Asks: 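Sharing a structure with you now.
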Amino acid sequence: MEWKSVVEQLCPDGHEVSQAGNLIRGYGRCGPHTVAVIGTTNHTEVGVELALAMAAAVINVIHDYPARPIVFLVDTSGQRLRHRDELLGLNGYMAHLAKCVEMARRRGHPIVSLVYEQALSGGFLANGMMADVCAALPEAEIRVMGLAAMARVTRISEERLSELGKSSPVFAPGAKNYLLLGGLDALWEGDLSACLMDALQSIDTTDHRRTLGHERGGRMLAYPVVQRVLASA
Amino acid sequence: MENLKYRFDGGTPTRGVTAIVGVLGSGNLEVLVEPVALGGACEIEVSTAARGFGSIWQAVMKDFFARHRVGDIRVSVNDAGATPAIVSLRLDQAIETYIAQGKSKT
Amino acid sequence: MTHSYYESSARARIAGLLEPDSFHEWLPAAERLTSPHLATLEQPAAFDDGVIIGRGSIAAKQIFIAAQEGGFMGGAVGEVHGAKLVGVLERAVRDRPAAVLLLLETGGVRLQEANAGLIAVSEVMRAILAARAAGVTVIVAIGGQYGCFGGMGIAARCASTIIMSEEGRLGLSGPEVIETARGVEEYDARDRAMVWRTVGGKHRYLLAECDVIVADSMDEFRHAIVAGIDNGDDWSLAALEREHQLLAERVQRFGACKDGRDIWRELGWADPEAIAMPDNDEFVAAAHGHRAKNI
Amino acid sequence: MLKPNENMRDHERQRRNQKLARAASVLGASLRDKIVPADLAVRLLEAVIAPGDRVCLEGDNQKQADFLAQSLIQVDPEKVNRLHMLQSVLALPEHLDLYELGIAELLDFSFSGPQAARLARMVGKKQIRIGAIHTYLELFSRYFVDLTPHVALVVAQSADAQGNLYTGPNTEDTPAIVEATAFKNGIVIAQVNELVDKVPRVDIPGDWVNFVIPSPRPHVIEPLFTRDPAQISEIQVLMAMMAIKGIYAEYGVQRLNHGIGFDTAAIELLLPTYAESLGLKGKICSHWALNPHPTMIPAIEAGFVKSIHAFGSELGMENYIAARPDVFFTGPDGSMRSNRAFSQAAGHYACDLFIGSTLQIDMAGNSSTATLDRISGFGGAPNMGADAGGRRHASPAWLKAGEQRRSQQPGIPRGRKLVVQMVETFREHMQPAFVAELDAWKLAEFANMPIPPVMIYGDDVTHILTEEGIANLLLCANAEEREQAIRGVAGYTEMGLGRDARMVENLRDRGVIRRAEDMGINKRDATRDLLAAHSIKDLVRASGGLYQPPVRFRNW
């Protein structure tokens, strides 16, 4: 889906969101809320410039709009795979963005993210996956890497991986699998602004993903393992 | 993957503290030694990535038991294709660590 | 026992860094908390899922510690592995140790547990930041054979302090990943000297991507860790804004550089070729005034 | 009137003169002194190589006349065909393309490392005929007997207009090839990396060389002898300790040659630590026939080593070698002079010990690196790893080994070279090193070889060293004892498990088999901490920054 149509559906009461390069930035109104919108488009790779620009946008919201909710619109094919970005320390830029999101959370900004097109590994970790509520459109594509690449790295055949993917949400790509694992809070369908308002009502600033994964039966060990560490002598 | 089990009776009950030695990395293995009341027996469980070497494992374990004659212990092995030389070395290190830790704790 | 951090196993690192007999392990090997996903794939699963966690003391301070074992699946993070890391960090928020020490050696997400691994890495990132926000100092040490890559390269930079050795590597995408995706002209993973000029300890130190660089020895790492605990943490908006400024300057100043050597030259090194050989003390002394600013 | 034999003599010379005249007409004004532009290389080869010629294409396990190889495959097979190729090493794909293109048909060679699998496939499809597989010394020797090249295509670092060649430290095979060719009516063509006014030193005199071609690219050269200390295992450290204490010290081995594996690299790195601690400095390992292994640097710096003569050089070692003319053979220009033929002769006749690894050993002690689907040849190991029956001068190590042999097989007093096979009982992926029958037998059948390609014959081997201990075959009274001695160190391989346990214990009581503990070696001491260097960088530091390893070996 085009980001504009996503924004229009999220913020039917008006918005000032614009695109510069592959960065989306602005604010919109959703019922009683004015939300900051920060995101990417065109399945872009996230390199040092884009990570820095998103971080600047977050810092700007923290400064100028205390407690304003931040909505991340996620569409990325992952971190930029360039020698030059690695040379500059892309991981440091990604971490900086993540720190900015965390700082916003600590200062009372509800953080919501919506994967509206595509989310891949490194590009997703530093913003979308940092949110209090992480949602996706049902047709959104979420994955670590493609099945073929995964088969190559793990030396397990693609057929076997997709076979395994039918019985376990761990192996195969897809928004539904991330839902089962607790990586997504919800799939948003229908009235997106209602979904957003709902999410803003139920902000939980603790990381509850392992609990969700356990409740939904997709990730049965993360929750009890953490509990056992907490209970150890 | 292949799982193998061995049991040797008639060892000397050997006190010690649970010990782990080695790393489950390519050509290597990890060995866990734990105290268990087994009536003087030594039980060994092997989980290995390489299939079809049961007779070699049998011989390595038999020699291991002959060297140490330890009883009331369970040895658990996770193997990623280690050679018998490495396996024997790790088993010896694990038993020595198990016994040494037992002494330092008492 | 070896004194080299690089050559040590995760367990040997813990033993070499902490005070003797002070380490108490949580969920040790005997608990057999192995990965169910590896079992599904019929792959051998380590008793501790490749990460050792617990508490201990260092210079008479109580700390929590986690050490990744690079030898097992390249230290990659699976569901159990990640949950153990998260457990240590969340427990630190509750129990307030002097610091949490993360000895990272990892390629990032364990692809055999693809989706669960990615979420686990994200949970580790959030747990590190939550610990810092709660006032717990989180110290990362990187000096193993496998470096620190993937999402864990991001997680490392979420910590209060990073200590590296020259042999350590820190980055996001590994050289092989980029070479596979973009070709050998983009990144020749076999040119190890170039790889180290990109992600190695000395370059990361000059760029201020790590805070401290030490020689490859347990003693040196221990001293740097103790100093890191004493320095504490600065989790503040002001610090974040300073970091933002420095990162923006970095792109401006070095954005057109093609090689680590170009950056070093820009930093005022007359002979960038001469950076590789000096030992650590010499290098650190020479780097004084020829290193990007640190927050 | 000419006598008939003079007629014959003139025939060869006339043939060469006709070729040179053809070359002169093809090259015309492009030929200046002896310099031929690279773009005329193919035409030159077509002019001087006749159908059926014996052509020696230089290339060994290090440097390669790669530009000339690439030029040779471009000749017109209508003009140049049925060639009989003579090569130390088949290393490049072009070396085998020649047969697919119909340019060459017969091959005499020594080693084929990187092309071994393809060579086996082509032999299977009868695309190539092999004359014989030689050791280096045998092949060089035949150049002077019945396989003299009509044309030699060689490689050097630089040349002047008169054709004087400078090979730099990698002189290697060039003198042997050029000498045989130039003095028997042959034509010598050299590819060089650069033309200079004056070569730093003359490795090959210009009047032995007919043409020089400046190559568009520097020739290929492989760092074959660099072993990263980081990859040496604790088992290899243990085996190295046994080699030093159980063999080197036992016999007082002063002159020796090492193989190129990690096992022997471990020995090299234990000299300044473990061997030094045993008080062995000056008592062992003073003189070597050896490539300049980077792992030798700590031992050299510790004063263990008095001299090293080398078969070839090693990339990155140039400056270090130049700084140690007291140890290495160096020219007035400072760089090393290597010579494969002389160093092989030195290894055969002047060394008291050879130690190296192998893939398979049978119960008679024969060893082979042959596998079913690869024809890899021999290289130099069989000459190093063979008792020199023609040797007459004595040394303490040689005499002691001979004495031990006579304790079991009485005879007139004579010495014996120590030939040690050092193997772990299993290689990676659990491939056993000890087998009932060498794969060499099946390969011989498949490739129609007259005899199985054995690298080192059992009757040349004196010791087999594994992680389980050392079997001293000199002390075995008969074939049965010998077999049990081998089985007694064969570990958990099928051969080892099939041992006669009582007989093995008897052999151990007699000192025929010695375990680590029998030599006073505690296995717990066998850690990597004993290595004088743990990484390539440690080697650089030990060299005072002079050793400059190729980028693929660096992690800084």
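What you see is a predicted model, and the numbers here were worked out from it, not measured in a lab. Here is how names work: the chains are called A, B, and so on, in the same order as the sequence lines, proteins then strands, and each is numbered from 1.
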Asks: Indicate yes or no: at least one non-hydrogen side-chain atom of D:R524 is less than 4.5 angstrom from one of B:D92.
Replies: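 Of all side-chain heavy-atom pairs linking B:D92 with D:R524, at least one is under 4.5 Å.
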Asks: Determine which pairs satisfy ring-ring contact (aromatic ring centres under 6.0 Å, His included) with at least one residue from residues 5-46 of chain B, sequence neighbours left out, and list them in order.
Replies: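 Checked against ring-ring contact (aromatic ring centres under 6.0 Å, His included) - neighbours excluded - the pairs reaching residues 5-46 of chain B are B:F8-B:F65.
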Asks: Take atom CD of D:E505 as the centre, draw a 6.0 Å sphere, and report whether it contains more than 12 heavy atoms from other residues, nucleotides or ligands.
Replies: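 Check passes, neighbour count above 12.
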Asks: Strictly less than 4.5 Å between heavy atoms, which residues of residues 484-497 of chain D line up against chain B? Please order them by number.
Replies: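 Hits under 4.5 Å: D:Y492, D:L497.
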Asks: Quick one: what part of B:Q93 sits under 4.5 Å from any heavy atom of chain D, side chain, backbone, both or neither?
Replies: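 B:Q93 touches chain D through backbone and side-chain heavy atoms alike.
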Asks: Mind listing the closest non-hydrogen atom pair of D:M430 and B:P84 along with its distance?
Replies: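 Minimum heavy-atom separation between D:M430 and B:P84: SD-CD, 3.7 Å.
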Asks: Heavy atoms under 4.5 Å from chain B: which residues of residues 232-247 of chain D carry them?
Replies: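 The residues closer than 4.5 Å to chain B, in numerical order, are D:E234, D:I235.
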Asks: When heavy-atom pairs shorter than 4.5 Å are enumerated against chain D, which of B:A85, B:S88, B:G81 gives the highest number?
Replies: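 If we count pairs closer than 4.5 Å to chain D, B:A85 comes out on top.
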Asks: Looking only at heavy atoms, which of residues 40-63 of chain B get nearer than 4.5 Å to chain D?
Replies: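 Counting heavy atoms that sit under 4.5 Å from chain D, the residues of residues 40-63 of chain B involved are B:F53, B:I56, B:A59, B:V60, B:D63.
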Asks: From D:E428 CD over to B:T83 OG1, what is the distance, rounded to the nearest 0.5 angstrom?
Replies: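 OG1 of B:T83 is found 10.5 Å from CD of D:E428.
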